[in-house]
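This report concerns only the one structure given below.
Here is how names work: the chains are called A, B, and so on, in the same order as the sequence lines, proteins then strands, and each is numbered from 1.
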Amino acid sequence: MDRAQRLAYNQPTWLDTVAAWLLALLWILPLAYAVWTAFHPTEYSTRFTLLAPLTLDNFSRAWEAAPFARYFLNTALLVAMILAVQLVLATLAAYAFARYEFRGKNVAFALVLVQLMIMPDILLVENYKTMSQLGLVDTLVAIGLPYFASAFAIFLLRQTFLGIPKELDEAARVEGATAMQTLWRVYVPLARPVYTAFALVSVSFHWNNFLWPLIVTNSVKARPLTVGLQVFSSVDQGVDWSIITAATLMTSAPLLIGFLLFQRQFVQSFMRAGIK
Amino acid sequence: MSSIQLVDVAKRWGTTTALDDIQLNIASGSFCVLLGPSGCGKSTTLRIIAGLETASAGQVLIDGRDVTLLPPAQRGVAMVFQNYALFPHLSVADNIVFGLSVRKLPAAESAKRLAETAELLGLSALLDRKPSQLSGGQQQRVALARALVAQAKVCLMDEPLSNLDAQLRQEMRTELRQLQQRLGLTVVYVTHDQAEAMSMADQVVLLNKGRIEQAATPRDLYAHPATTFAAAFIGTPSMNLLRLDGGRIAGSDIPASRDAHWLGVRPESVALGGRVPATVRSVEYLGADLILHCGIGSEMLTVRTGGQADLAAGSAVLLEWADAAAHHFDSQGQRLHP
Amino acid sequence: MSSIQLVDVAKRWGTTTALDDIQLNIASGSFCVLLGPSGCGKSTTLRIIAGLETASAGQVLIDGRDVTLLPPAQRGVAMVFQNYALFPHLSVADNIVFGLSVRKLPAAESAKRLAETAELLGLSALLDRKPSQLSGGQQQRVALARALVAQAKVCLMDEPLSNLDAQLRQEMRTELRQLQQRLGLTVVYVTHDQAEAMSMADQVVLLNKGRIEQAATPRDLYAHPATTFAAAFIGTPSMNLLRLDGGRIAGSDIPASRDAHWLGVRPESVALGGRVPATVRSVEYLGADLILHCGIGSEMLTVRTGGQADLAAGSAVLLEWADAAAHHFDSQGQRLHP
Amino acid sequence: MSARAAGHQSHASIHAWLLLLPALVLLVAFTHWPAVSTFVDSFYSTPKGSRAAVWVGLENYRAMNDDPVFWKAVRNNLWFAGATIPLSIGLALVMALWVNERIAGRAFLRMAYFTPTVLPMIAVANIWLFFYTPQYGLLEQVTGALGLPSHNWFGDQSTALACITLVAVWKEAGFFMIFYVAALQTLNPSLREAAAIEGASRWYFFRRVQWPLLMPTTLFVLVNAVINGFRMVDHVFVLTRGGPDNASTLLLYHLYEVGFKFWDTAYASAITVVLVVVLASVALFQFFVLDKRVHYK
Amino acid sequence: QTTEISFFYPVAVGGPIAKAIDGFATDFMKANPGIKVNPIYAGTYQETIVKALTAHKSGTPPVTSVLLSTDMFTLIDEDAIVPIDNFVKTADDKAWLGSFYKAFMMNSQTGGKTWGVPFQRSTVVMYYNKEAFKEAGLDANKPPATWAEMKDAAAKLTKKDASGKVTQWGVQIPSSGFPYWLFQTLTTGNDAILMNDAGTQVKFDDPKVIEALQYWVDLGKAGVHPPGVVEWGTTPKDFFEKKVAMMFTTTGNLTNVKANAKFDFGVAMIPGNKRKGSPTGGGNFYIFKKSTPAQQEAAFKFIKWITQPERAAEWSMDTGYVAVSEKAYGTDALRKYGRDFPPALVARDQLPVSVAEFSTHDNQRVTKALNDGLQAALTGTKSPAQAMKDAQAEADRILRAYK
Ligand SMILES: Nc1ncnc2c1ncn2[C@@H]1O[C@H](COP(=O)(O)OP(=O)(O)OP(=O)(O)O)[C@@H](O)[C@H]1O
Ligand SMILES: Nc1ncnc2c1ncn2[C@@H]1O[C@H](COP(=O)(O)OP(=O)(O)OP(=O)(O)O)[C@@H](O)[C@H]1O
Ligand SMILES: [Mg+2]
Ligand SMILES: [Mg+2]
């Protein structure tokens, strides 16, 4: 007898499946187009025939247009640094918000939340002033500094910490752990899925951030990939999709491949994070 | 070695009083059970001893030393939490030595103690597992191991067995009790299960609404409940409390052996075949026992009899109980001594 | 009206077999308890009856109608989930009438049924509350009300009382059983607590590793366990199973009344003062009872005696039991009939 | 009692503030302080060369009130937000419901929905430019094959904003989906079974159970969506630059033009202040008011 | 002791521009050991000025930067730059300054002072598909020279498929991004000048200007020009894809078109009505005020060095921009290049009739008023006259402060 494993009550219908796939194809279309165009000669960038010849030319042209090797290094260092500092600072702050009662807590929390709303792009001039007073212009630190304290991370971690059973905290205290030890040895490991989830968001944001890094850096030694990518949006000449898509794929490849390889873990992280 | 005293302890949250005027002496090396219904203040008492809460008034002495304002880590107590509070991300071994590594004990010493404790509790084969890979009973033992490895002489436990199923709970009770005796620990143990309290305790402290109702040995508590509350709370099925009306069971003309407000008789003290007529209202079969719910006058009387008896609801029975098995209480619920 | 039959039902997930060759008849209007240790397939059986899982083989008949492939809603069953599965955002009233509003019952009819059911279960005062504002017992009753309001004649319950504390569980058992009888429901009830099974069931179905070990009335199960598994699983303390060695209790020269592989005696069937010498190894005081763990030869024997007895570990005792109280099993664990 | 408690309290307070300190210092230095000085600047004139800024009171706000482009941007932005917010949240929810179930190709679907989050907007916008290009753009190739007339999507005042909106929805939905998936995973699976036994259809179950229970997530996502509805302008730079004739100008883009093209920093400050006040009140309203109302636990 | 100068430059055309600039800097430093040039790529023109002015406002601007010639007034108003005249001392310097095409200097001087030095300059020209011309029966070597001719040619070049859908437009004048610049090709041809030299007065409501706009709008109405606002960025691609037979775009596109047009194409001067002509465009060197005199001198030296004929010629060939001086076209390299590829000379030939790119005080704001008006007319929401009247009013309001 041919029996379904589960009854229809929670099974998506074939209509759902078709719709879901259609939407997915639509969603992935830009990426698909980028792949198509990047691997074909320019004249095929707007024509889709199966027999179009393949080429890596666009990539080599793109690669030569800027010192991408160095930019990759800078970007990697930058996102790693930002992420590391964000996590440390947000962890401490979130712990304070989640596990301490103190005067001014709501005010402090509101101050943090306000950052969610203030786009750093508007504060360019002011922040540039601060950086040049600190003598940090044209350094990786300067790119990262305004983002080190992340309201989003603090908020997310606070939620997570609040969800960690209070008994674990108490157990650690009875065992003689200090607040810092408790944080480090109990809260942080337990919040690992949230850390992963946040890392994904933070890395993809800073990997792609553009205006502020452009403004605050001058030399190849401090500039990230996006600044290199900008070479291709050559205003006077119109859009050359072949090279732009090649450059886009090239610069976002690490993220895309990373996501493909670890997508299970990432998605599960988000899920286990139970972000609400 | 490690006695515990609570002197005049009270705990208030805003306007609610969780504990009031608690006086308690727990002898060193004894097994003390805090018993009572939900919300009576058991956990609060335990947490005040542990230092997880500060008493609003009064003092906590451990071994005669005033620890009222010390943080938990400095009181020399270990604690087993209700749901074990095992660190889910750490292996069994790491869970057990958590406190040691926090206190920076030398690795060799720590490994030695771990091995001993694991051996003692039969956990040696499980040291590499995560808590989620353990059964409830095993988790319970890990929590216990974590408490024991610090070699604190006082061990506090908050309903440690409440999550286990009946069978396992039974086994763990025996195991826990044996361990406590072997190691000479002072244990303060919270439960709301009177059977658990009776089978394990040297001293049962029965709490009610933040006050101590009675503190006594299990046998004493069972034989001489100080109040109707204690009488009804201890024993399953619980003691029958029949209202007396002019020396007779209310609604009937069956006389009681002495005048009181309440007549208490335990179900197992009532025997079939006597002089007191009653009607079986309902029957509960428990294998070894049969529980009869009988009506006498306007009162209900529960009778425990052997499981092989075959009585259906509606039958008329004759009952009896010894005078010595009768307890008497006044209208305040206080025991009337003979 | 609403009998249930399982014919040759099996359930496999990949290579694991959760249920195998299940044959079961549940009479209309009876209270059937599925009993067994964790993982034995109780929930799976229940969910197959409900239609939440499909059997890998075999048929499910309700009232003679083959419902094997029908979705849950068309089987005319109601269900109470272990954790109640109350909708946390809906009020008690909305939770109860959820199914009625799905079925677009006229508002008046729906209100009438709600009022009746709430009345029946004593929930009338709580209708506006959210589930989180209820105690465990109240939540349980809401779940029950939701199941009853549909007036389905079959009600399935998966460990509905397991989250309640001892006292409340006791009360709810009686309440549930009375309700079932009053409404003439066919109830299939899952539990792993044998006391619960014994006190509630018309028929107990004991499952073990996906197979039916024994299906019988509580008394029959208790008096004539078909296997050592059934013997050990039913009753607290559980039946003593003494290994026999050449017609004698292993490690001793005490003869058994007949030759077998196992001799089974229930703790309450053993009396103090007889011809069998034993040593008390440990003692458990339970108020009404005293449990003695005694050694005989290389075997252990648990004895239940009155709580007033005062025996300490180490004492020598003499025991006895009636021949009629002895059960015998072969080496496969199967009961040997006289 | 109070003396005891107070001792503990103040000790904990110090500890808590120490933990917060590093984050707060940076927040103050790079968010609050600049924001405050922006606020102050909005009451002065724009310093130009040797002309220093002078106090002008509400002059900049008055100018804002008289600026037709500002009001156009407000209208556009409301339209844009009004469309992106429900669309992206709605799609995110649908996506989440799909990938939360045992649908064929779940891993691929999840990845497909999520890719927009990973791709840099500046680059992807150029790809969208191709999609919308008249005559040989992807959209035209499709509509052309269907025999529909050609249309200049970005070059027409009536469609430019809608096109921009679609790109934003594409970018956002997958990101929000993740939050919904996470929330759905935490819902008790027996609720669904309970509903199934009661005969609830999927739609009924969604409407009466899942949707209300997802409310806290929806609020979190909503606030993010509202903020992004006023913050997402990267694609405008590449796609339309606010045109034609301001048909697709959004507030932040207008702000950028005023601040970094016109260099009218004082006026830009005034716009910033308005924007921040509006958004901050939305977010704070959520966290301190609504948050308390929609949690059931 | 070396003087270090930072130098911001934008990239507006494709190709390895950064390498070329770095090469120049290295060569310059070899020749001038006391100076260290630090070239900093700063994005597009817009991003470059944001970066430069942000740095200026916080006190640390670059020493020199290439920025749009139209940013002159903005930079003056911000008090960010110094006049080049300060450094022109010797006769050689004067000769150098006088060597640039006059058309380019119009955007570099105001109030009798020179503020910028032309570097990567361009102008608008018309590219046309010779094959399409032949197919339409037009003379591929005789591109239209007047508005009327262009409209006729465009009509012939417009092709439709069976369903009446246009498959090839006759002419395309892009109107996104900076429509005002393309619009100037029409106003100049109609003998209208949009602003005064001081940058304080505009003449959008001049009937000749309105007439020019009307012509543009009419091209669309006649069905020979795509409707609505046409994207600047995709225009070259439209041309390559043969979706348009004639396009107006910058000379900076020449290299691009040469590489990607798979057909024979021609470059022509912009057709005129009353006269011929086109605006110039592109970037000038500026020297920033907040740097030391020594740095400014060094920067001046660098600017002078990099605009020498040989380098200007090289730069022109690398990028497709117009070389900035007559002498550059006299160099062997460029002469040969022009002989092999005559279209490269069209822009130069157009320079004598070219006019300054539109620029005023508060430039971007005034420009935006014009752009909005143009787009409104092109998308049909306003009549040309109304659009220009509104733009004029807005510009007058903005410029009131500068009179
Ligand atoms: N943090 C608190 N704030 C306010 N009231 C509290 C707090 N903790 C406990 N209480 C109150 O104090 C009383 C005693 O609580 P406690 O936890 O000690 O009860 P318990 O005996 O352990 O009950 P249970 O068996 O349910 O665990 C209860 O009425 C409870 O509501
Ligand atoms: N979805 C599933 N996939 C695979 N195996 C399953 C699944 N559900 C149950 N099982 C397996 O089937 C067997 C029976 O499970 P079932 O849930 O019926 O046990 P149970 O008797 O209800 O146990 P418990 O008392 O722990 O609830 C178990 O071995 C279990 O691991
Ligand atoms: Mg408690
Ligand atoms: Mg189960």
Nearest heavy-atom pair of [X] and [Y]: which atoms, and what distance?
| X | Y | answer |
| --- | --- | --- |
| Pro34(D) | Glu126(A) | CB-CB, 3.7 Å |
| Pro30(A) | Trp170(D) | CG-CZ2, 3.4 Å |
| Asn208(A) | Val118(D) | ND2-O, 3.0 Å |
| Ala104(D) | Trp21(A) | O-NE1, 3.0 Å |
| Ser252(A) | Pro120(D) | OG-CD, 3.9 Å |

Can you check whether Trp98(D)'s main-chain N or O pairs, donor with acceptor, with Asp16(A)'s side chain at less than 3.5 Å?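 Checked: no pair found.
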
Any donor-acceptor pair under 3.5 Å from Trp27(A) side chain to Leu109(D) backbone: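 Absent.
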
Which region of [X], side chain (C-beta onward) or backbone (N, CA, C, O), has a non-hydrogen atom less than 4.5 Å from a non-hydrogen atom of chain A, or is it both or neither?
| X | value |
| --- | --- |
| Leu21(D) | neither |
| Phe205(D) | neither |
| Ser201(D) | neither |
| Ile271(D) | neither |

Rounded to the nearest 0.5 Å, how far does [atom2] of [Y] lie from [atom1] of [X]?
| X | Y | atom1 | atom2 | result |
| --- | --- | --- | --- | --- |
| Lys105(A) | Ser13(D) | NZ | OG | 10.5 Å |
| Tyr147(A) | Thr31(D) | OH | OG1 | 9.5 Å |
| Leu24(D) | Leu92(A) | CG | CG | 11.5 Å |
| Met95(D) | Leu23(A) | CE | CG | 4.5 Å |
| Thr115(D) | Leu31(A) | OG1 | CG | 6.0 Å |
| Trp36(A) | Ile127(D) | CH2 | CD1 | 14.5 Å |

Sort [X] into side chain, backbone, both or neither according to what part of it lies under 4.5 angstrom from a heavy atom of chain D.
| X | value |
| --- | --- |
| Leu249(A) | neither |
| Val88(A) | neither |
| Phe205(A) | neither |

With a 4.5 Å cut-off on heavy-atom pairs, point out which of [options] contacts chain D the most.
| options | value |
| --- | --- |
| Val114(A), Leu111(A), Thr245(A), Leu183(A) | Leu111(A) |
| Ala20(A), Gly104(A), Ala19(A), Ala149(A) | Ala20(A) |
| Ala34(A), Ala179(A), Ala96(A) | Ala96(A) |

Identify which of Trp17(D), Tyr180(D), Phe131(D), Phe130(D) forms the greatest number of heavy-atom pairs closer than 4.5 Å to chain A.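 Most pairs with chain A among the choices: Phe130(D).
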
Considering only heavy atoms and a distance below 4.5 Å, find which of Leu27(D), Val28(D), Val124(D) pairs most often with chain A.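 Option with the greatest count: Leu27(D).
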
Below 4.5 Å, heavy atoms only, C-beta onward: do [X] and [Y] meet side chain to side chain?
| X | Y | result |
| --- | --- | --- |
| Phe97(A) | Leu19(D) | no |
| Ile28(A) | Phe108(D) | yes |
| Leu20(D) | Tyr95(A) | no |

Polar side chain donor-acceptor pair, Trp241(A) to Asn126(D), under 3.5 angstrom: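 There is no such pair between these side chains.
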
Checking Tyr33(A) against Leu138(D) for the side-chain contact (heavy atoms from CB on, under 4.5 Å) test, could you report, in this order, the C-alpha distance in whole Å, the side-chain angles of both residues, the deciding distance, and whether it holds? CA-CA 10 Å; Tyr33(A) 173 74; Leu138(D) 194 66; 5.9 Å; no

